[in-house]
Amino acid sequence: MKSGSDPGLRGDYTKAAPDYAVEQDWSAYTAEEHALFRRLYERQSKLVSRYACPEWIDAIGRLDAGRGIPKFDDINRSLSKATGWRIAAVPGLIPDAPFFTHLANRRFPVTVWLRKPEEVDYIAEPDVFHDFFGHVPLLYDRMYADHLCEYGKGGLKAMRLDAIAMLARLYWYTIEFGLMRTGSGVRAYGAGLLSSGGELAHCVDDPRPRRRPFELERILRTEYRIDRYQDCYFVIDSFAQLMRETAPDFTPIYARLRHLSALDPSAP
Ligand code: PHE
Ligand code: CO
């Protein structure tokens with residue numbers, strides 16, 4: 001959710017359609033790239049049984065994506081049957097309007113390129129590993145899939161209401177860095193956590209970060225840092241709760257919160 005015309009962005013935008021879709025030229029990936037994807041996949045796979053939410057674990061098994069960078073067309077056959085979602089291949093980060101439009105139409109933008117070997121532990125922009133491993137499995141979950149579609153429609157509405165900064169915080173603290181309370185303890189469902197070699201254990205085990213119960217208005221007001229582990233996570237009880245609490249019309253909420261100061265995520 002950042003400008004695709006940003007000169008600092010990686011990725012080839014020259015062949016993108018007006019909605020930023022590109023072909024995933026699967027045959028162009030090198031053997032080294034497939035091996036690096038496998039390496040990332042295997043490292044994360046050791047962590048997920050302890051740290052990932054059950055919905056994500058249920059779905060990853062169906063994907064058979066541990067052998068290398070997956071073919072999006074293959075995934076789309078099973079994904080569209082499961083929840084009506086598809087992957088849309090994109091060159092990298094894309095602007096808000098096409099991003100929300102894809103989500104509202106049940107298309108999840110997945111970056112086609114893979115990070116470099118020296119970036120296994122940290123990458124500033126989402127790559128195919130983050131987008132695929134972190135985001136795609138949950139699209140098989142009916143409730144999550146419906147929620148994300150509603151989020152996309154909500155994004156187009158927030159653009160009209162000049163409330164993107166607030167709505168982006170909700171995405172950050174749920175879709176990217178969300179935690180969920182389960183019968184076996186706190187688990188991650190946020191893609192930024194699921195695809196992270198370090199933060200996935202940190203977000204559950206480390207005593208330092210704050211773990212607040214999901215609270216819509218607080219989230220809409222809480223700033224976030226993109227360059228380090230989060231100081232604050234928000235914990236949902238279920239995707240049903242996330243869906244329910246985000247269902248009301250945000251128009252009056254935006255109008256009210258607009259006049260309040262933003263909150264520091266590290267504040268007690
Ligand atoms: N209910 C929100 C609105 O009226 C839309 C939304 C749904 C936002 C789901 C986020 C998640 O703007
Ligand atoms: Co992401």
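Not measured: the values here are computed from a predicted model. Both ligands and their constituent atoms are indexed starting at 1 by order of listing.
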Quiz item: Any idea which N/O/S atom from Glu176 gets closest to the Co ion (ligand 2)?
Solution: OE2

Quiz item: Do Trp113 and Glu33 have a side chain donor and acceptor closer than 3.5 Å?
Solution: no

Practice problem: Could you tell me which N, O or S atom of His135 is nearest to the Co ion (ligand 2)? | Solution: NE2

Quiz prompt | Minimum heavy-atom distance Phe234-Pro213, with the two atoms named | solution = CD2-O, 3.7 Å

Quiz item: Is it true that Asp264 and Arg221 make a salt bridge, defined as a side-chain N closer than 4.0 Å to a carboxylate O?
Solution: no

Quiz item: Which heavy atom in Pro137 sits nearest to a heavy atom in Phe132, and how many Å separate them?
Solution: CD-O, 3.1 Å

Quiz item: For the Co ion (ligand 2), does an N/O/S atom of Asp131 lie at less than 2.8 Å?
Solution: no

Practice problem: Please identify each residue that fulfils side chain to side chain donor-acceptor pair (under 3.5 Å) with Lys46, with sequence neighbours left out. | Solution: none

Check ligand 1 for close polar pairs with the protein: N or O on both sides, less than 3.5 Å.
| from | atom 1 | to | atom 2 | distance (Å) |
| --- | --- | --- | --- | --- |
| ligand 1 | 1 (N) | Thr246 | O | 2.7 |
| ligand 1 | 1 (N) | Ala247 | O | 3.4 |
| ligand 1 | 1 (N) | Pro248 | O | 2.7 |
| ligand 1 | 4 (O) | Lys157 | NZ | 2.5 |
| ligand 1 | 4 (O) | Pro248 | O | 3.4 |
| ligand 1 | 4 (O) | Phe250 | N | 3.0 |
| ligand 1 | 12 (O) | Lys157 | NZ | 3.2 |

Quiz prompt | Which residues share a salt bridge (Lys or Arg N to Asp or Glu O under 4.0 Å) with Lys153, sequence neighbours left out | solution = Glu150

Quiz prompt | salt bridge (Lys or Arg N to Asp or Glu O under 4.0 Å) pairs, two or more places apart, involving residues 176-191 | solution = none

